[in-house]
Amino acid sequence: MKIESSNLPKAYEAGKYEDDIYQYWESSGLFNPDECIKRGVTDKDTPTFTIVLPPPNVTGKLHLGHASMLAYEDLIIRFQRLQGKQTLWVPGTDHAAIATQTVVEKELAKEGLKKEDLGREKFLERVREYVSKSKNTIRKQLRKMGASLDWSREKYTLDEDVSRTVYHVFTRMYEDGLIYRGDRIVNWCPRCHSTLADDEVEYKEQKAKLYYIKYGPVVIATTRPETKIGDTGLAVHPDDQRYQDLIGKELEINLGKVDIKVKVFADKEVDPEFGSGAIGVTPAHSQIDFAWAEKYGLEVKKIIDEDGKMTAEAGPYAGLPVEECRQKFIADLEKAGLLVKVEEIENNISVCYRCGTTIEPLTSKQWFIDVNKKIPRFGKSLKELSIEAVRQGLSGDPKQKIDIIPERFYKTYFQWMENLRDWCISRQIWWGHRIPVWYKEGGDEEVYVGVEPPKGEGWRQDEDTLDTWFSSALWTFSTLGWPEGEDFKRFHPTQVLETGYDILFFWVARMIIMTIYTTGQIPFEKVYLHGLIRDKQGRKMSKSLGNGIDPLEMIAKYGADALRLSMIIGTAPGNDIRMYEEKIAGYRNFVNKFWNIARFILLTVNKPERIASQPLPKTLADQWILANFNQLIQEVTGLLEQFSFSPAAEKLYEFTWSKLADWYLEVAKIEQGKDEILNYILERLLIMLHPFVPFVTEVIWSTSYNPEKKPELMLMVQKWPQAQGEAGGGGQFDLLQEIIVNIRSLRSTNKIPPVEVVDVKIESEKYQPLIESQKELIAKLARVGFVEELDKDSALHYPGDGYDIYLAVSGDIKARLEKERRELEKYIASLEKKLSNEEFLRKAPSEVINKEREKLKQAREKLNKIKN
RNA sequence: GGUCGUGUAGCUCAGUUGGUUAGAGCGCAUGCUUCACACGCAUGAGGCCCCUGGUUCGAAUCCAGGCACGACCACCA
């Protein structure tokens, strides 16, 4: 079949092809590993390779972080597919409890409504509507990026089967005594009206007032005076001389309109330098105070409720909002002469990571997961198991060990895991998995926990929902039909979890905890953590800064391939990535370059044809390109196997542009008969580039090697190439390149017009036969004509390394030679110094010494020639 | 306070177990409608590899300390 040039326009316009190509892939069904086996492109006995897509939140749209995640994961999965594995990449979305509820609440607010106006069911209906729209947007965007996801296995955290798994796991943990309900201190967000996990709390620096209050016999300092109404303890440092006689006593203290009773105790955590060295302890409204209360047996008195108002315990202040109470309380203290002084200080305030509202720590009856309790089945706690799996593998089994890339995150992981406290999993919001616990009417005493609602009358389900990370934590197996599903048996544990390091704790760690507990298996063998996307100045991308880049806009402008490449090249795992439009444009240029390389090959070569084994090299250039290509195959394969994506892409880029296009194609225009070699290389280069730039490679492939568009002949399911024959450097072709570049440089610096063919004579004792045999290439690539005789005195003489070039033009070469001479002299001096160092001669390996001697010899020869 | 990361050309970054005359892309300069590509081709300029010590025959690379920037964890009552 002859390729019509009209099929291949001069510039590659990604937008014309990408959607069609995705459609072509998807309708082939070959994203699905079962279909691959059915079609005979994958052997059913090969190993499986599974990745679950970190499910995007059903709020809003794709951002660059998603784009980078997709670029990596699709690269990994396509590479594995080309290597012949049964590959499965599971798509899905996350209901994102608080985030989604907040978005819909904001929508409602625009209509002047609150969720309570609708009621629970109507509100949830409204959220579902929003979600279904949002899900479709996300699906479209994932396709835009070229993600080879198996859509037939798509999941959603609120799907019925996934939800059943959630309830199942909850029930089992309850039965194992790992889930308990307790009146404990939690992080309360008054705006979200819900609890937050410890790692959902962020800290912000702010200016605050530090109040010094007369507090019975002592003075204490506090930034939250109103909480002192709930004090039940007074803490001092054990060695603090000022308070020795108070330790162990119970004090009655008047604070204006209220009286409180506190127990004095000593604890080393008290900083005697700060404030007055004495702390009023408020167990119900401070994490550390709560811990002290447990340790020293203090009463827990809750004075602030879930609405941010003072409780009945606050006596005369009951019912007041916290802020108002503070003003009143301060005024009352002042009247009573109890306010000593006020200082301005900087302190950290805890805020909700979703909405930025100040957190109100308070005690509340909530559901928790006990991370320290031994599980009968394992004889170990969740914490211990999760550490073990990453340290040495579950029960010491190396197959049950989780690797983390990059390695430095091991330390971060262990540190977090070792300090992990019980995980509060109940949330006071409506959107999410409702806690599968029922209480018998009339109290909380009688409890039923189960996957199905209890039989009989008079049961009332817990109003709360589960932390969104509870269901995400089950994602590797809840998506695969645990416990009895074929997919679960076949594809779990998964091979890689690829995600940003910012959710190492939120998600990765929790998956490890929950998966080991439930399945006894690790969730994944490897964690690959990519960096976060920043702008060119290194700032986070955000709406308020207006520095965000919309991936869809970039795809429209430059193509998905270009965007993908720009997220891979120049990045290292765990390191943040600076993204800017020029970079994407740069890789668009590469895509276009490759397009034109293919275009040239396919228009020049009459018959695109697949070549099974490496053709015999006929010329020096052939030998050079094939040896380099073999080396490329080996290097790229090795790098991808060890997850070194950026270096692999750079190698491909460099070979494609600087070797194949800049040199070999130019040679091919001169030497004829390159059909086989060009076909051989293009075919395999397409395969190797495919995981990085899937669209353009599939377009080229389908117009050349698969013109009938047979699914099983798609590029996506080809076999990864292997080196056939000698791999390595250039040998004599390097010398040829050097001679040509030298001539071009002489021409350029002497302003010889490019069209002018210049007489040349090259003399060499060492390389005469080589130069003789490659005259044609030199002549055409450097625009020179070889002559037998030439007036050396009037010619430009360039003394090369082992050869002499005489160019029949007038010009000046002195400046250049002078510069070369200076550099050489410096170089020689450093080599001489090294080689005259006896220690070096005695201790360095002989190969290194010989190499240095050889360098020196050559440098000296060159210098001599330049001087003459 | 603790832990970690980063510092290489104007910009964004490579630099794989210590041995290169330190690289790439963009940008810049000069020239080119060379029949695949101006999203291109050719040639070129541009670097105390943050600082100070140390280890070593030899350090951009390893170690210690410092400076600058960044992230995370803990958290100030």
Side-chain angles (χ1 to χ4, degrees), chain A residues 5 8 10-12 199 203 208 210 220-224 227 235 269-271 274-276 278-282 286-289 345-348 350 406 408-409 411-412 415-416 419 501-502 504-505 531-532 534 536 538 558 562 569-572 574-580 582-583 585-604 639 642 644 646-647 650 653-654 658 661-662 665-666 669 741 744-749 751-755 780 783 823-824 826-828 830-831 834 837-845 847-849 851-852 855 859:
Chain A
S5 58
L8 301 174
K10 268 167 81 159
Y12 175 65
D199 48 7
Y203 292 87
L210 185 63
I220 58 150
T222 179
T223 50
R224 298 283 311 271
T227 63
E269 278 186 59
V270 177
D271 177 4
F274 188 90
S276 63
I279 310 171
V281 176
T282 325
S286 154
Q287 290 274 2
I288 183 165
D289 292 7
I345 59 156
E346 295 267 313
N347 78 344
N348 274 331
S350 51
R408 67 184 133 90
F409 283 97
K411 197 164 178 176
T412 320
Q415 215 167 299
W416 185 81
N419 293 316
Y501 65 78
D502 54 329
L504 180 62
F505 306 138
L532 274 33
R534 296 174 177 282
K536 201 170 183 175
Y558 304 106
I569 295 191
T571 67
N575 284 6
D576 290 352
I577 304 156
R578 296 190 187 202
M579 206 23 86
Y580 46 96
E582 303 92 290
K583 189 173 175 184
Y587 291 111
R588 184 270 319 263
N589 294 353
F590 172 76
V591 170
N592 186 60
K593 181 74 184 183
F594 181 65
W595 171 260
N596 274 289
I597 289 169
R599 187 162 159 254
F600 174 74
I601 293 176
L602 297 172
L603 293 178
T604 308
L639 288 166
Q642 49 177 315
S644 296
S646 177
E650 285 166 55
Y653 184 106
E654 206 259 344
S658 313
D662 288 349
L665 293 190
E666 293 308 315
K669 290 173 186 172
V741 169
R744 283 173 179 170
S745 175
L746 288 174
R747 296 179 57 117
S748 175
T749 50
K751 309 239 180 281
I752 297 161
V755 285
K780 296 229 168 110
R783 291 218 162 220
E823 279 170 5
L824 268 174
K826 239 170 75 188
Y827 181 46
I828 288 170
S830 80
L831 284 172
K834 200 184 249 184
N837 184 338
E838 280 180 34
E839 294 286 304
F840 174 70
L841 296 177
R842 217 172 49 232
K843 290 182 181 164
E847 351 168 336
V848 173
I849 297 172
K851 221 160 112 188
E852 298 299 307
K855 282 187 207 163

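Source: prediction; values computed, not measured. Letters A, B, ... mirror the listed sequences (proteins, then strands); counts begin at 1.
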List in chain and number order the residues that pass salt bridge (charged side-chain N to carboxylate O under 4.0 Å, His left out) with [X], two or more places apart in sequence or in another chain; answer none if no residue qualifies.
X	result
A:K669	A:E666
A:K583	none
A:K780	A:E776

Legend entry - C1' spacing across the pair B:rC32 / B:rA71, given as an integer number of angstrom: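 Between the two C1' atoms, the distance is 49 Å.
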Tell me which nucleotide, if any, is Watson-Crick or G-U wobble paired with [N] when both distances must be under 3.5 Å.
N	value
B:rG70	B:rC4
B:rC75	none
B:rG31	B:rC41
B:rC26	B:rG10
B:rG19	B:rC57

Describe the nucleic acid contact of [X] in one word from base, sugar-phosphate, nothing, applying a heavy-atom distance below 4.0 Å.
X	result
A:V591	nothing
A:Y558	nothing
A:A661	base
A:K10	sugar-phosphate
A:T412	nothing
A:R744	sugar-phosphate
A:Q415	sugar-phosphate
A:A221	sugar-phosphate
A:N837	sugar-phosphate
A:E847	nothing

Inset, instruction - Kindly say whether, by distance alone, the side chain of A:N347 makes a donor-acceptor pair under 3.5 Å with the base of B:rC76? - result: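 Answer is no: no donor-acceptor pair is held.
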Calculate the interatomic distance between [X] atom [atom1] and [N] atom [atom2]; express it in whole Å.
X	N	atom1	atom2	value
A:R588	B:rC37	CZ	P	16 Å
A:L532	B:rG70	CG	C1'	12 Å
A:L210	B:rA77	CG	P	7 Å
A:W595	B:rC39	CH2	P	17 Å
A:R747	B:rG44	CZ	P	14 Å
A:L504	B:rU3	CG	C1'	14 Å
A:Y501	B:rG70	OH	P	13 Å
A:L746	B:rG44	CG	P	10 Å

Inset, instruction - List the steps, then state whether side chain to side chain donor-acceptor pair (under 3.5 Å) holds for A:Y501 with A:D576. - result: CA-CA 10 Å; A:Y501 65 78; A:D576 290 352; 2.8 Å; yes
Legend entry - Check: A:T571 main-chain N/O paired with A:N575 side-chain donor or acceptor under 3.5 Å: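 Not at all, since once roles are kept as given, no pair shorter than 3.5 Å links the two residues.
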Legend entry - Under 3.5 Å donor-acceptor, A:R783 side chain and A:R747 backbone: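 It does not hold such a pair.
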Inset, instruction - Could you run through nucleotides 26-33 of chain B and give me one letter per nucleotide, 5' to 3': B if any protein heavy atom sits under 4.0 Å from the base, S if only the sugar-phosphate is that close, - if neither? - result: ----SSS-
Inset, instruction - Report, as a single string ordered 5' to 3', how protein heavy atoms within less than 4.0 Å touch nucleotides 6-16 of chain B: B base, S sugar-phosphate only, - not at all. - result: -----SSSS--
Inset, instruction - Identify, with sequence neighbours excluded, every residue that meets side-chain hydrogen bond (donor to acceptor under 3.5 Å, both in side chains) alongside A:K10. - result: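 Residues passing side-chain hydrogen bond (donor to acceptor under 3.5 Å, both in side chains) with A:K10: none at all.
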Legend entry - Salt-bridge criterion met for A:K826 and A:E823 (N-O under 4.0 Å):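 A:E823 and A:K826: not salt-bridged.
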Inset, instruction - Measure the distance between the ring centre of A:Y827 and the centre of the six-membered base ring of B:rU21, then answer whether it is under 5.5 Å with planes under 30°. - result: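 One would call A:Y827 stacked on the B:rU21 base.
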Inset, instruction - Kindly assign one of parallel, tilted or perpendicular to the pair A:Y653 and A:Y587, based on the angle between their ring planes and the thresholds 30° and 60°. - result: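 Rings of A:Y653 and A:Y587: perpendicular, as their planes differ by over 60°.
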